[in-house]
Amino acid sequence: MGSSSDKKRKSAEDTTPQIKKKKIDSEKSSKSPKFINVGAVKRPQYAPPVVAATSGLALSSSIQFQAYATPADKTSKRKKNGAPAQELLLHSANHRTMDYTAREDRTGDSSDPYLKHYIGIFNPKTAEVEIVEARKTVLRGTVRSQKAVDEAMEEKTQKQQMMAMRNELGEAFGTKKAKKAIRDVTENAITSQKVGQSELVMMDAIKTATKDMSTKEDLQAAVDNARPVPRGNFAATEIADVYVPSQIIGSEVLNAIPVMDWQESVKNLEDIQVPSRFVAKRVSNVASSDDAVHRLRVLRYLLFVIIFWNATSQGRERGTRSIGKRDKLREVMAPAPEIVIENIRRKFSDGGVMRKTHVDLLMTHCCAFAAIIDGFKVNTIDLREDLKLEQKQLNQYFIEIGARVKQQKVADRMENFAVLQLPLQFPKIRLPARKR
């Protein structure tokens, strides 16, 4: 039994070198060996290999690079830390439109100065791998067509700066003719450039989108229609035909205003007591003028409107006014007929509340009536006291009806006069300032 076991062991031992021999033979016969020996790590003395991160670039294998390096510094701290003192740069201009530049990635120097990169070079004949230290770089690409020659840029810089400065001064301080000339030059420069197919398509799309856009004139017309001013004939050729009392108030309401008592008082040289400085100073002159009845009715309607305004109180909501009940209005506006009270109440309020639109409408009506009574030139001091407004507010209301407000010296003091004349000057809409 012992001999048989020895024989088996010998047979097993005999087979082992035969298998190893077959492996060696197969290594020699095959092109790619199964066992690889790693040699010593070497540090290149001249041009080292490079590990490049392309950062999304698709680089062709035919691109060739030129290597550049800064001179070595013997006292550099990088050399003491084990890092190369020279900085490597690779550049290639072989591509038709692109320039490629690879610089060393030194972002990790402060955090880990001993971080290094290596590559393995395999020799298939000796079945050895040689480990060589490599430099890590980051590859960037720039479009050559977008790069201009420095000399060409320097030639145009001075002229462009002078032209830009002159245009800015013209836009800021120039006359209308000079500003128009600057805009024409800019438009001609834009249209003279060659426009590609894509730009033409984009311009057509913009033209289609802005075809129905409102012009400045349309916006101004919309603002004029929405402005809270009395109804007027703004195409009239005479200033007296712009604001007609019978159209603003209504013929039926205007004819219902009583003026006989005022005429009798003026005729008998009696004083007329009214809660309005504007009306009290003018009632005698209006009663003795031509067309006295018509003008007295307009003046008394203005008085009723002023009394109506002074009878209002602060509303519950901010910026609103609350009007009194009908019984109270009849009492304070006596002897106004019911038709006149309802006309004023419905025109300048809604549901017993005066909002900002109603207030503005009432003020502009008072300005228009005052201009009609004073022959379209009004000293605003009396009306300002009656309506309890600041001078700036009253001036703005006169401007809203198309009047011009100017100051004039009266008895050693300057007073404001509102003049209504053709052509009327309404406030213009303000467009956003053009960005430089």
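Only this structure's heavy atoms are used, side chains among them; waters, hydrogens and symmetry mates stay out.
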(request) Drop me the distance from Leu361's CG to Lys356's NZ, to the nearest 0.5 angstrom. (result) 11.5 Å
(message) Ignoring hydrogens, what is the shortest heavy-atom contact between Pro49 and Ile119? Give both atom names and the distance.
(response) CB-CD1, 3.2 Å
(message) Just checking Phe234 against Phe426, ring centres under 6.0 Å apart?
(response) yes
(request) Supply the atom-to-atom distance Thr312 OG1 to Arg321 CZ, rounded to the nearest 0.5 angstrom. (result) 4.0 Å
(message) For the CZ atom of Phe308 and the CD1 atom of Ile341, what is their distance to the nearest 0.5 Å?
(response) 10.5 Å
(message) Do Lys388 and Asn310 have side chains that approach each other closer than 4.5 Å (heavy atoms only, starting at C-beta)?
(response) yes
(request) Would you check if there is a donor-acceptor pair between the side chains of His91 and Thr101 at a distance under 3.5 Å? (result) yes
(message) Just so I know, are the side chains of Ile323 and Met354 near enough to count as touching, which here means a heavy-atom distance under 4.5 Å?
(response) yes
(message) Check Glu390 with Arg384, please: is the shortest side-chain N to carboxylate O separation under 4.0 Å?
(response) no
(message) If only side-chain N and O atoms count, and only distance matters, is there a donor-acceptor pair under 3.5 Å linking Asn343 with Tyr301?
(response) yes
(request) Run through Arg282, Lys281, Arg295 and flag the one making a salt bridge (charged side-chain N to carboxylate O under 4.0 Å, His left out) with Asp374. (result) Arg282
(request) Side-chain contact test, heavy atoms from C-beta onward, threshold under 4.5 Å: evaluate it for Thr364 versus Phe398 and give yes or no. (result) no
(message) Please find the pair of heavy atoms, one from Val378 and one from Phe278, that lie closest to each other, and give the distance.
(response) CG1-CE1, 4.1 Å
(message) Within the 4.5 Å heavy-atom criterion, are Cys366 and Leu302 side-chain neighbours or not?
(response) yes
(request) Flag the pair Met363 / Leu389 as yes when at least one side-chain heavy-atom distance between them is below 4.5 Å, and no otherwise. (result) yes
(message) With rounding to the nearest 0.5 angstrom, report the CZ to CD1 distance, Phe369 to Ile306.
(response) 10.5 Å
(message) Can you tell me how far apart CD1 (Ile344) and CD1 (Ile339) are? Round to the nearest 0.5 Å.
(response) 11.5 Å
(request) Taking all non-hydrogen atoms of both residues into account, name the closest pair between Gly120 and Ile131 and its distance. (result) CA-CD1, 4.0 Å
(message) So Lys136 and Glu104, do their side chains get closer than 4.5 Å, heavy atoms only?
(response) no
(message) Using a strict threshold of under 4.0 Å (side-chain N to carboxylate O), is an ion pair present between Asp327 and Arg330?
(response) yes
(request) Would you mind reporting whether Gln66 and Leu90 have side-chain heavy atoms less than 4.5 Å apart? (result) no
(message) Between Asn416 and Thr380, do the side chains contain a donor N or O and an acceptor N or O under 3.5 Å apart?
(response) no
(request) For the residue pair Glu171 and Asn167, confirm or rule out a side-chain donor-acceptor distance under 3.5 Å. (result) no
(request) Any chance you could measure Leu422, atom CG, to Phe376, atom CZ, to the nearest 0.5 Å? (result) 9.5 Å
(message) Under a plain distance cut-off of 3.5 Å, with no hydrogens placed, do Glu415 and Asn379 share a side-chain donor-acceptor pair?
(response) yes
(message) Any non-hydrogen side-chain atom of Glu317 less than 4.5 Å from a side-chain atom of Arg355?
(response) yes
(request) Would you sort out whether Ile248 and His365 count as a side chain to side chain contact (heavy atoms under 4.5 Å, CB included), showing the intermediate values? (result) CA-CA 9 Å; Ile248 299 173; His365 272 73; 3.4 Å; yes
(message) Ignoring hydrogens, what is the shortest heavy-atom contact between Arg231 and Tyr243? Give both atom names and the distance.
(response) O-CD2, 3.9 Å
(message) Has Asn233 got a side-chain atom pairing as donor or acceptor with Val242's backbone, closer than 3.5 angstrom?
(response) no
(request) Identify the two heavy atoms, one from Pro228 and one from Thr357, that lie closest to each other, and give their separation to 0.1 Å. (result) CB-O, 4.1 Å
